[in-house]
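See below for the structure under consideration.
Being a predicted model, the structure only gives us computed values, none of them experimental.
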Amino acid sequence: MQDQEELLSIVKQVAKPMKSLFHHNTAMLGFDAIETTQKVQKALDGKQFKGTLLRPRINTRVYVGNLPASATEQDLIELLSDFGIVKSCQIPKQMRSKYCLVEMQTPMEAQHVLDHVNGVEWLGKVLYCKPDALLKSTSLFIGNLDFNVQWFELKSLLSLYGHTIKVNVFEDREGQSKGYAIALMASEEDALECIKNLDGYELCGRPMRIRMKGQQKEVKIYVGNLPYSMRWQDLKDLFRKRFHPQDVQVHLDPTGRSRGFGTLVLSQEEARVAIDELDGTEVEGRQVTVRLDRK
């Protein structure tokens, strides 16, 4: 709160904002005219504040979410034209959960859209509006993937339910998929929509497991006394019968031979159950050790 007040004090030396909104490390300020906005941008650009260089930009873009399935770009332009000139309006194609990025002619017109359209019911849906500068990108963890699934196939599927910025399918040193991926969604709303519609969805015969990255506390598990023939895929298969293992590794010596132990990451709750159930069990005639990794 003190930082916000200090920043506003600096801004007011140039011009008094009509509106101010703070979200995480971003401030949205509204002024009475585009000329005033440009004047503030020029005065503050590169100025030091709390050890950070200020980089103000003029924002005229608005994210409009939860659109009705039947809505077209022309329908939305007609709705928003009451609040200013709509320079562009793009609804991504083939979306099952529809949203739009709208660009208004001036920051003040964008603010009018936020003030008057957010929360309004339109064609049976309550619209959700947010300045695109305040969209909080959110990462999803996607597990239990078939080893043949490619990043672009996964991105196409996720994009049916939200704005998907990028997808990374993790691979081992030989280029083989590890069976999990991280996807960066444009907003938390997009991420939640993907979880709602795709968690448990069968892709190439396997039900995907999707959750917010970092949503649960994760711990590393040590698995010792493994058969030397076991590879990381085998270790993952052993655990995924009941759990959702990530970052599975069987540690190798410089010649590529297994050193007889591996590590993997589980949620804290799954780790407790896995240790209770698997420590001391036999795998291919060897009694394995399962415990929390001490490193």
Side-chain angles (χ1 to χ4, degrees), residues 138-151 153-154 157-158 166-185 191-192 194-195 198-295:
T138 303
S139 292
L140 290 176
F141 170 81
I142 306 165
N144 201 36
L145 291 174
D146 182 90
F147 294 127
N148 294 314
V149 171
Q150 302 293 308
W151 69 266
E153 296 172 311
L154 191 54
L157 179 61
L158 295 171
K166 66 179 179 179
V167 174
N168 183 22
V169 174
F170 286 79
E171 299 177 343
D172 62 19
R173 284 178 287 187
E174 279 124 31
Q176 170 69 47
S177 167
K178 288 189 170 185
Y180 66 92
I182 299 295
L184 183 64
M185 308 302 296
L192 291 172
C194 285
I195 293 172
L198 293 175
D199 184 40
Y201 175 85
E202 282 203 9
L203 181 62
C204 299
R206 286 189 180 177
M208 296 191 300
R209 301 302 178 200
I210 305 181
R211 60 176 171 77
M212 298 280 199
K213 188 173 181 290
Q215 193 173 46
Q216 301 179 37
K217 185 174 180 181
E218 297 168 342
V219 293
K220 183 176 280 191
I221 296 297
Y222 169 90
V223 188
N225 201 34
L226 293 173
Y228 290 108
S229 61
M230 182 171 276
R231 294 294 177 258
W232 71 264
Q233 295 96 330
D234 304 316
L235 182 58
K236 184 169 186 176
D237 286 339
L238 176 66
F239 276 80
R240 75 172 173 201
K241 293 173 184 176
R242 285 211 50 198
F243 310 109
H244 304 99
Q246 307 172 40
D247 198 17
V248 181
Q249 297 181 43
V250 169
H251 294 259
L252 308 176
D253 66 19
T255 67
R257 185 172 182 269
S258 169
R259 297 172 65 185
F261 70 92
T263 55
L264 55 99
V265 174
L266 294 174
S267 71
Q268 194 170 42
E269 178 60 25
E270 285 188 331
R272 182 186 63 78
V273 176
I275 292 170
D276 287 345
E277 293 188 358
L278 297 178
D279 184 43
T281 58
E282 277 200 10
V283 177
E284 297 181 20
R286 298 176 72 100
Q287 193 175 62
V288 297
T289 299
V290 182
R291 59 169 171 78
L292 292 177
D293 187 41
R294 290 171 185 156
K295 291 184 179 179

If you count the non-hydrogen atoms of other residues, nucleotides and ligands that lie under 6.0 Å from OH in Tyr201, is the total more than 12?
no
Could I get the full list of side chain to side chain donor-acceptor pair (under 3.5 Å) partners for Glu284, not counting sequence neighbours?
Ser229
For the residue pair Phe261 and His251, does the interplanar ring angle fall in the parallel (under 30°), tilted (30 to 60°) or perpendicular (over 60°) class?
parallel
Indicate yes or no: at least one non-hydrogen side-chain atom of Phe239 is less than 4.5 angstrom from one of Val248.
no
Give me each pair satisfying salt bridge (charged side-chain N to carboxylate O under 4.0 Å, His left out) with a member in residues 174-184, each pair once, sequence neighbours excluded.
Lys178-Asp247
Side chains of Leu266 and Glu218 in contact at under 4.5 Å (non-hydrogen atoms):
no
Centre of Tyr228's six-membered ring, under 6.0 Å away, within 45 degrees of the axis: is that where NZ or CZ of Arg257 sits?
yes
Asp146 meets the salt bridge (Lys or Arg N to Asp or Glu O under 4.0 Å) criterion, sequence neighbours left out, with none
Nearest non-hydrogen partners of Leu184 and Ser139, listed with the distance:
CD1-OG, 3.6 Å
Can you list everything that forms a salt bridge (Lys or Arg N to Asp or Glu O under 4.0 Å) with Glu153? Sequence neighbours excluded, please.
none
Between Asn144 and Arg209: side-chain donor-acceptor atoms closer than 3.5 Å
no
Residues in side chain to side chain donor-acceptor pair (under 3.5 Å) contact with Asp253, at least two apart in sequence or another chain
Thr255
Please list, chain by chain and in numerical order, all residues satisfying side chain to side chain donor-acceptor pair (under 3.5 Å) with Arg272, sequence neighbours excluded.
Glu269
